[in-house]
Amino acid sequence: MLYLLLSLVLLGVVAALLGWRSNRRHGEEPVVVNDSCATCNGDNDKCEQECMMEAATQPVEYFDDEELDAFRGRRSDEYTDDEIQQFAYILDTMQPTDVRPWTRSLTLRGIEVPDELKDELFLRLGS
């Protein structure tokens, strides 16, 4: 019984050494992916979350929409038609690549997008 136990331990040690030697010989290094917020496209939730946390430590980026700061703290279902048109105008004149950063900017500024524009916003974020 003692011989069997020692044989198993020896076999485990030899297998571990061979595995370590094999990895070292092939020079396998762990793959490191350097995602930046510039490459976040919405497919990776972790990337989006990290970018939001990173953005929270940076100055807020404005998209020529300082007038929207007046809506800080307003719920998304409390906007008038004229106020909704302010958001719609900015969204309609925005470059497609600016939609995601604009949405982050609004979130960081505590501004909710009107309910009436959310479908359009999600469509633009998806493309």
Side-chain angles (χ1 to χ4, degrees):
M1 182 72 162
L2 181 62
Y3 291 117
L4 180 61
L5 184 60
L6 287 174
S7 298
L8 287 174
V9 170
L10 182 62
L11 180 63
V13 169
V14 169
L17 287 174
L18 288 175
W20 176 75
R21 182 176 169 214
S22 174
N23 283 343
R24 222 181 130 143
R25 185 180 329 147
H26 291 105
E28 294 177 11
E29 294 292 325
V31 176
V32 178
V33 177
N34 290 326
D35 283 337
S36 73
C37 290
T39 61
C40 264
N41 61 4
D43 293 339
N44 184 342
D45 289 338
K46 183 177 179 187
C47 183
E48 286 295 314
Q49 183 179 25
E50 289 173 358
C51 288
M52 184 61 86
M53 289 183 346
E54 180 183 318
T57 64
Q58 305 297 323
V60 174
E61 182 178 4
Y62 282 86
F63 292 83
D64 199 22
D65 65 347
E66 290 81 3
E67 68 273 12
L68 297 182
D69 283 341
F71 304 124
R72 182 176 287 134
R74 175 101 53 105
R75 286 193 354 232
S76 63
D77 62 351
E78 295 179 339
Y79 292 105
T80 67
D81 289 340
D82 289 337
E83 293 167 341
I84 293 168
Q85 289 307 313
Q86 283 184 279
F87 281 90
Y89 176 77
I90 294 168
L91 183 59
D92 289 341
T93 59
M94 185 171 292
Q95 295 292 320
T97 56
D98 288 339
V99 175
R100 189 169 301 282
W102 180 64
T103 305
R104 277 192 206 109
S105 173
L106 292 177
T107 301
L108 292 171
R109 291 157 51 194
I111 302 169
E112 292 187 24
V113 175
D115 288 342
E116 292 81 358
L117 296 177
K118 286 183 178 178
D119 288 341
E120 177 69 22
L121 181 63
F122 290 134
L123 282 173
R124 293 184 187 211
L125 286 172
S127 58

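Thr103 and Leu125 make their closest contact through OG1-CD2, 4.0 Å (heavy atoms, listed as atom of the first residue, atom of the second, distance). Scanning both residues, Phe63 and Met94, for their nearest heavy atoms gives CB-CE, 4.5 Å. Between Gln86 and Phe71 the shortest heavy-atom distance is OE1-CZ, 3.2 Å. Across Ile90 and Glu67, no two heavy atoms sit closer than the pair CD1-OE2, 3.4 Å. In plain terms, the two heavy atoms of Ser105 and Glu61 that are nearest each other are OG-O, 2.5 Å. Taking both residues in full, the closest heavy atoms of Val113 and Phe87 are given as CA-CE2, 4.5 Å, listed atom of the first, atom of the second, then distance.
Using a 4.5 Å cut-off on side-chain heavy atoms (C-beta onward), Leu106 and Asp65 make contact. Inter-residue side-chain proximity for Arg124 and Asp98 is flagged as unmet; no heavy-atom pair is nearer than 4.5 Å. For the pair Leu121 and Trp102, the minimum side-chain heavy-atom distance is below 4.5 Å. Contact check for Tyr79 versus Leu117: no side-chain heavy atoms found under the 4.5 Å cut-off.
Shown here is Tyr89, whose OH atom has no more than 12 heavy atoms of other residues, nucleotides or ligands within 6.0 Å.
Comment: Lys118 does not engage Asp77 in a salt bridge, judged by the lack of any side-chain N to carboxylate O separation of less than 4.0 angstrom.
Checked by atom type and distance alone, the side chain of Arg109 never pairs as donor or acceptor with a backbone atom of Leu68 at under 3.5 Å.
The CZ atom of Arg72 sits 4.5 Å away from atom CG of Asp69, with the distance rounded to the nearest 0.5 Å.
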